[in-house]
Amino acid sequence: MSVPSVRAITHADDPALSAITPLFEAMHAEMAKQGMLLQLTPDGANIWLEGIKSGLERFGRMAVAEVDGQIVGFAHAVVKLAPEHLGGSRIGLIAHVFVVPAHRRSGLARALVASLQAWLGSKQVSSVELHVVHRNEAALAFWKSQGYMLELMQLRKC
């Protein structure tokens, strides 16, 4: 087995992007089992991927984890603005982090997150936020170990 690596995808024509679609679908399948109420549409992964391509490196960062030339994880972050009544500052949003089960607990998620945090820091964000599906205890423990604190709870009625 080769040494795992993490790298940013900086261009919309990077061939690694096509490997993210099945990982995005697997991530959503796991989130559904953990209690996420909104479900990915049949072509949702492709729609999402097309939507982020134009913002790569301007206001979005995509990072991938590779082992033996295979993409085994990805992470995505964006920069957004807080509402004016909360100061209007730049806020980082870590939108997605996923590593395939066979490569979890290997440090890849930490490396992906470190890549995102470094990029967000270069964009002068004042804070970083993220969401965790309420029954994903492993993710909650991971994020707490990274220094994140519980702030808000989201409720939904369908």
Side-chain angles (χ1 to χ4, degrees), residues 1 3-9 16-49 51-53 55-56 59-68 70-82 86 89-123 125-158:
M1 181 186 286
V3 176
S5 65
V6 169
R7 69 174 178 89
I9 293 180
L17 283 171
S18 64
I20 294 172
T21 305
L23 298 181
F24 191 81
E25 291 169 342
M27 179 186 69
H28 271 270
E30 284 187 17
M31 290 191 308
K33 291 176 186 174
Q34 295 160 343
M36 186 166 159
L37 297 176
L38 295 180
Q39 300 299 304
L40 192 63
T41 64
D43 198 32
N46 288 322
I47 294 167
W48 168 77
L49 190 57
I52 65 158
K53 284 181 179 179
L56 284 174
F59 47 83
R61 162 64 60 105
M62 176 71 73
V64 292
E66 296 178 84
V67 175
D68 293 329
Q70 180 181 10
I71 305 297
V72 298
F74 76 96
H76 178 236
V78 295
V79 176
K80 63 182 197 168
L81 295 176
L86 296 177
S89 63
R90 291 180 185 184
I91 295 176
L93 169 65
I94 295 179
H96 306 96
V97 177
F98 181 78
V99 175
V100 297
H103 291 280
R104 291 183 184 161
R105 305 190 79 59
S106 67
L108 286 175
R110 288 182 193 281
L112 285 164
V113 169
S115 171
L116 296 181
Q117 289 175 328
W119 181 80
L120 289 167
S122 76
K123 298 297 185 185
V125 301
S126 61
S127 65
V128 180
E129 62 186 31
L130 55 95
H131 300 101
V132 176
V133 178
H134 73 96
R135 290 195 314 239
N136 190 342
E137 296 296 328
L140 189 56
F142 170 80
W143 290 111
K144 286 182 177 180
S145 78
Q146 297 294 299
Y148 288 80
M149 300 170 288
L150 187 60
E151 180 185 23
L152 301 170
M153 294 181 76
Q154 177 171 304
L155 302 167
R156 181 175 311 279
K157 181 178 179 181
C158 294

Salt bridge flag under 4.0 Å for residues Lys144 and Glu137: no
Do Lys53 and Met62 have side chains that get closer than 4.5 Å, going by heavy atoms? no
Are the side chains of Leu17 and Phe74 in contact, using a 4.5 Å heavy-atom criterion? no
Check: Gln39 side chain, Met36 main-chain N or O, donor-acceptor pair, under 3.5 Å: yes
Which atom names give the shortest non-hydrogen contact between Leu40 and Ala45, and what distance separates them? CD1-N, 4.0 Å
Heavy-atom check, side chain of Trp48 versus side chain of Phe24, under 4.5 Å: yes
Would a 4.5 Å heavy-atom cut-off, applied to side chains only, mark Ile9 and Arg61 as touching? no
Does NZ belonging to Lys123 count more than 12 external heavy atoms closer than 6.0 Å? yes
Looking at Leu150, Val97, Asn136, which hits side-chain contact (heavy atoms from CB on, under 4.5 Å) with Trp143? Val97
Partner residues of Lys33 under the side-chain hydrogen bond (donor to acceptor under 3.5 Å, both in side chains) criterion, sequence neighbours left out: none
Hey, are the side chains of Gln70 and Glu66 touching, using non-hydrogen atoms and a 4.5 Å cut-off? no
Applying side-chain contact (heavy atoms from CB on, under 4.5 Å) to Leu112 and Phe98, what does each step give before you reach the verdict? CA-CA 9 Å; Leu112 285 164; Phe98 181 78; over 6 Å; no
Can you find a heavy atom in the side chain of Leu108 that is under 4.5 Å from one in the side chain of Val67? yes
Could you tell me whether the side chain of Ser126 and the main chain of Arg90 form a donor-acceptor pair under 3.5 Å? yes
Stepwise, does the side-chain contact (heavy atoms from CB on, under 4.5 Å) test hold for Arg7 with Ser115? CA-CA 8 Å; Arg7 69 174 178 89; Ser115 171; over 6 Å; no
Can you tell me how far apart NE2 (His28) and CG (Leu38) are? Round to the nearest 0.5 Å. 9.5 Å
Candidates Leu23, Val72, Ile20 - the one meeting side-chain contact (heavy atoms from CB on, under 4.5 Å) with Val64: Ile20
Pro4 and Val6, any side-chain heavy atoms less than 4.5 Å apart: no
Could you walk me through whether Leu81 and Ile91 satisfy the side-chain contact (heavy atoms from CB on, under 4.5 Å) test, starting with their C-alpha distance in whole Å, then the side-chain angles of each, then the deciding distance to 0.1 Å, before giving a yes or no? CA-CA 6 Å; Leu81 295 176; Ile91 295 176; over 6 Å; no
Does some side-chain heavy atom of Arg110 sit less than 4.5 Å from a side-chain heavy atom of Phe142? yes
Got a salt bridge between Lys80 and Glu129, using NZ or NE/NH1/NH2 to carboxylate O under 4.0 Å? yes
